[in-house]
Amino acid sequence: MVRAIVGANWGDEGKGKITDMLAKESDIIIRFQGGSNAGHTIVNDYGKFALHLLPSGVFYSHTTSIIGNGVALNIPYLLKEIESLTGKGVPQPKILVSDRAQILMPYHVLFDTYEEERLGGKSFGSTKSGIAPFYSDKYAKIGFQVSELFDNDSLKEKVERVCELKNVMLENLYHKPLLNPEELYGTLLQYRDMVAPYVCDVSAYLHEALKEGKNVLLEGQLGSLKDPDHGIYPMVTSSSTLAAYGAVGAGIPPYEIKNITTVVKAYSSAVGAGAFVSEIFGDEADELRRRGGDGGEFGATTGRPRRVGWFDAVASRYGCRIQGTTEAALTVLDVLGYLDELPVCVGYEIDGEITKDFPTTVKLEKAKPVFTKFPGWKCQIRGIKKYEELPKECRDYVEFIEKEIGVPITMVSNGPGREDIIYRG
Ligand code: GDP
């Protein structure tokens, strides 16, 4: 059985925590898109970890962690991340890397940085991890697959060809130092030796695993609204964040994905630029940011303060629909216990008209939030295990969100730890 765990919003919904929790009953956990540009924060018995490239199942010794072909694979980063776990006492995880995954090259990071510099005030708020240049090259067919590292002659020839192209940009557009093909080839040989122990024909492996009835989790990065097709283009990421892409990015048949668990955050947060209709500012925002997540809403990769806002029913309903959600997990509900009143964005006013449908970006830029308010529950709900034991105001809030998003909320997360979860029937 394959289950996808994906985000309904702008990312940072707490997918890592839900994945880490569900990984207990799983055999295989797969990253199918994105790279080391976003992070999952996980709190468990070994401590607190920020994972960027590895799937959140790496903490269990019974699971296999897979980097699928859809991922932007930063090889030195992968090794560093593995070491950071084993250094803290986590047993050496079983890791497989798809032979069809493409390699994030050192120049992708440079190009990302140079382009943000060139754009100045009009930049996309990139994390400068090289993700956009990586995916551009993949689709321009000048990327490097892991499998290509194992054929020296063709690798050398391709490195020279690609450097020629990159150097035109470096010289004429960015006015930066040029790439040295010899040096880059040497780096790639080092990458080959680093990744060799993990390389696997992942789709064949998964084909067998599914035949044997193994439980597989697909772990998404970011959320629906950062999808390049269905999100807030162009303020999106460069690979699909949708469960549907899990089939492509892991190499499994789409019909194998039986369950799509969409993680919905009880309020809104976003990193980077782009329209964010229910965003709040000033002291109100500072307080939510400070209390949010586990120790504040600051990026797991960049440490940047996240933008925050009230729950956006318009965006979340759309986010759940476009994922094909079969069930939802509502997270970080505990954070909201301090509020006297909880505003919820239930509509967008665009050019004088109110809509409940999430629009395309041009219209989204003009949208103003229509809020309705719920009474707060004014207490700490961490530690509660049964849904019925939540305060009535809190259940009303959950049930209103459930009605708005149109899918059952089967899990309510009331703290960062594995055990901070309330299952609903
Ligand atoms: P992801 O990228 O979707 O995995 O999200 P992040 O890990 O970036 O952000 C989620 C943050 O919220 C992390 O710091 C988690 O430890 C924390 N978190 C997850 N679920 C809960 C919850 O229910 N309550 C609280 N207080 N924090 C949570």
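In listed order, ligands and their atoms are each counted from 1. Note that these values count all heavy atoms, side chains included, but never hydrogens, waters or copies made by symmetry.
Among the atoms of G14, some N or O lies under 3.5 angstrom from an N or O of ligand 1. Polar contact with ligand 1: absent for V335 (N/O pair, distance under 3.5 Å).
Here K15 has heavy atoms under 4.0 Å from ligand 1 in both its backbone and its side chain. Contact annotation: for R382 versus ligand 1, heavy atoms closer than 4.0 Å belong to the side chain alone. Residue contacts with ligand 1 for K265 are absent, since no atom lies close enough (heavy atoms, distance under 4.0 Å). Of all the heavy atoms of D12, the ones lying under 4.0 Å from any atom of ligand 1 are found in both the backbone and the side chain. Under 4.0 angstrom from ligand 1, the non-hydrogen atoms of N414 all belong to its backbone.
Using a cut-off of 4.0 Å between Lys/Arg side-chain N and Asp/Glu carboxylate O, E148 and K158 are scored as salt-bridged.
Residue nearest to atom 22 (C) of ligand 1, selected from S56, A329, G415: G415 (by heavy-atom distance).
Judged by a 6.0 Å distance limit and a 45° cone about the ring axis, K265 is not positioned over the six-membered ring of F311.
Each of the following atoms of ligand 1 lies closer than 4.0 Å to a heavy atom of S413: 20 (N), 21 (C), 22 (C), 23 (O).
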### Task
Start with the C-alpha distance between D112 and K128, add both sets of side-chain angles, then the distance that settles salt bridge (Lys or Arg N to Asp or Glu O under 4.0 Å), and finish with yes or no.
CA-CA 5 Å; D112 209 351; K128 304 188 185 77; over 6 Å; no
### Query
Going through the checks in order, is the ring-ring contact (aromatic ring centres under 6.0 Å, His included) test met by Y423 and Y387?
CA-CA 7 Å; Y423 291 100; Y387 184 70; over 10 Å; no
